[in-house]
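Just below is one structure, and these are the notes that go with it.
In listed order, ligands and their atoms are each counted from 1.
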Amino acid sequence: MPRSSALEVKGLYARYGAREILRGVDLCIRQGEIFGLLGPNGAGKTSLVRAICGRLKPTAGSIVIAADDDRRSASRPIGLVPQEIALYPSLTIRENLEVFGRLSGLTRTATRLAIEEACAAAHLAERLHERVEHLSGGWKRRVNIVAAILHRPALLILDEPTVGVDIDARNALNHIIQTLSGHGMGVLLITHDLHQAEHLCDNVGFLLDGALDLQGPPQALLAAAFADQGEFIADFSEILSVNEAKMLQEMGFVTTTGGSSWHLIGNRPPGHVAEDLERAGLKPREMHFRRPNLDSLFLRLLLKQTTSVVEGAA
Ligand SMILES: Nc1ncnc2c1ncn2[C@@H]1O[C@H](COP(=O)(O)OP(=O)(O)OP(=O)(O)O)[C@@H](O)[C@H]1O
């Protein structure tokens, strides 16, 4: 693998019993890169992480994680921050970090040094004496991240780090992730927060049907998919009748759920689209117009997937 890669996954296949869950995943993360792994529930994101961490045996393919000379512990090149907070609530932040430092193979002295360094980056130094059970969700997540990086892994994997935290805490966590990538750590970020992915990640990839469908820098993917098109969103108060849904589809609107929110991507001026809706007797509760973002791209990929499944079944 190139010296500058933190992770290289090639042609990875894995299964649970007879069910193939990863089908030829290719993924490369450079040192210092933040890569956003996106995909619907059940797509196999956690399974990919389990394979990278050695907890799910691939049936084919290879996984190489960088051997970084600067790492403090040779035994664990990965730092994993799981979705659930994994800390000892009745211990203080410092006591927790001491446990995690020792568990990751550091000596007592190296652990103390690592806690000082990592806590400075995460602005935790002032609160080391506080018991974890008294912290808010956002601060617990900070401690969880610091616990995973004490041994300076080449690759940090974060599984949904911003679920259930408020905007301030989310911004703080994003800032910590950026600081760590600035120190050369490769970061694999699993997230359903496409806004976070668009603004934080150098590259993103959509895991669909067991393979990474589209990969690249968010802005380049958006430019390739939508060029100068705009997105018109019509939100209705309730689920529409079959007839109303058909009228929207004829105008080019799509929805993933058949629900109350409908999207139209194209070059038609928003005022004209609103007039079309009015003429058809359709009265959305709200209408928005925006530049297509990763949510729009995700919707498009999901629809493509649904269509091909339907076509395949026909
Ligand atoms: N140990 C297991 N044995 C059998 N099937 C499993 C096992 N773990 C996960 N699965 C199935 O494999 C599929 C992929 O699961 P996985 O947790 O990797 O998806 P995910 O993309 O992480 O989903 P989410 O976004 O909901 O966390 C799902 O259909 C899940 O039910």
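- The closest protein non-hydrogen atom to atom 22 (O) of ligand 1 is T46 OG1, 2.7 Å.
- Under a 4.0 angstrom heavy-atom cut-off, G44 registers as being in contact with ligand 1.
- Using a 4.0 Å cut-off between charged side-chain N and carboxylate O, E8 and K10 make a salt bridge.
- Under a 4.0 angstrom heavy-atom cut-off, H192 registers as being in contact with ligand 1.
- Taking atom 1 (N) of ligand 1 as the reference point, the nearest protein heavy-atom neighbour is Y16 CE2, 3.7 Å.
- The protein heavy-atom contact nearest to atom 18 (O) of ligand 1 is S47 OG, 2.5 Å.
- Checked by atom type, the side-chain pair T191/Q196 shows a donor-acceptor distance below 3.5 Å.
- In this structure, E160 has no heavy atom closer than 4.0 Å to ligand 1.
- Among protein heavy atoms, atom 23 (O) of ligand 1 sits closest to G42 N, 2.8 Å.
- Residue, atom and distance of the protein heavy atom nearest to atom 31 (O) of ligand 1 are R19 NH1, 4.3 Å.
- The protein atom (non-hydrogen) at minimum distance from atom 25 (O) of ligand 1 is K45 NZ, 2.8 Å.
- Under a 4.0 angstrom heavy-atom cut-off, P40 registers as being in contact with ligand 1.
- Distance from atom 26 (O) of ligand 1 to its nearest protein heavy atom, with residue and atom name: N41 ND2, 3.0 Å.
- For ligand 1, the atoms closer than 4.0 angstrom to any heavy atom of I21 are 12 (O), 13 (C), 14 (C).
- Between E117 and R152, at least one side-chain N (NZ, or NE/NH1/NH2) sits under 4.0 Å from a carboxylate O, which counts as a salt bridge.
- Salt-bridge formation is detected for the pair R170/D193: a Lys NZ or Arg NE/NH1/NH2 atom is positioned less than 4.0 Å from an Asp or Glu carboxylate oxygen.
- Side-chain atoms of T59 come within 3.5 Å of backbone atoms of Y13 as a donor-acceptor pair (strictly under, hydrogens ignored).
- In the model, N174 has no side-chain atom that pairs as donor or acceptor with a side-chain atom of H199 under 3.5 Å.
- Between N267 and D228 there is a side-chain heavy-atom pair separated by less than 4.5 Å.
- D159 has no carboxylate O lying under 4.0 Å from a charged side-chain N of K45, or vice versa, which leaves the two without a salt bridge.
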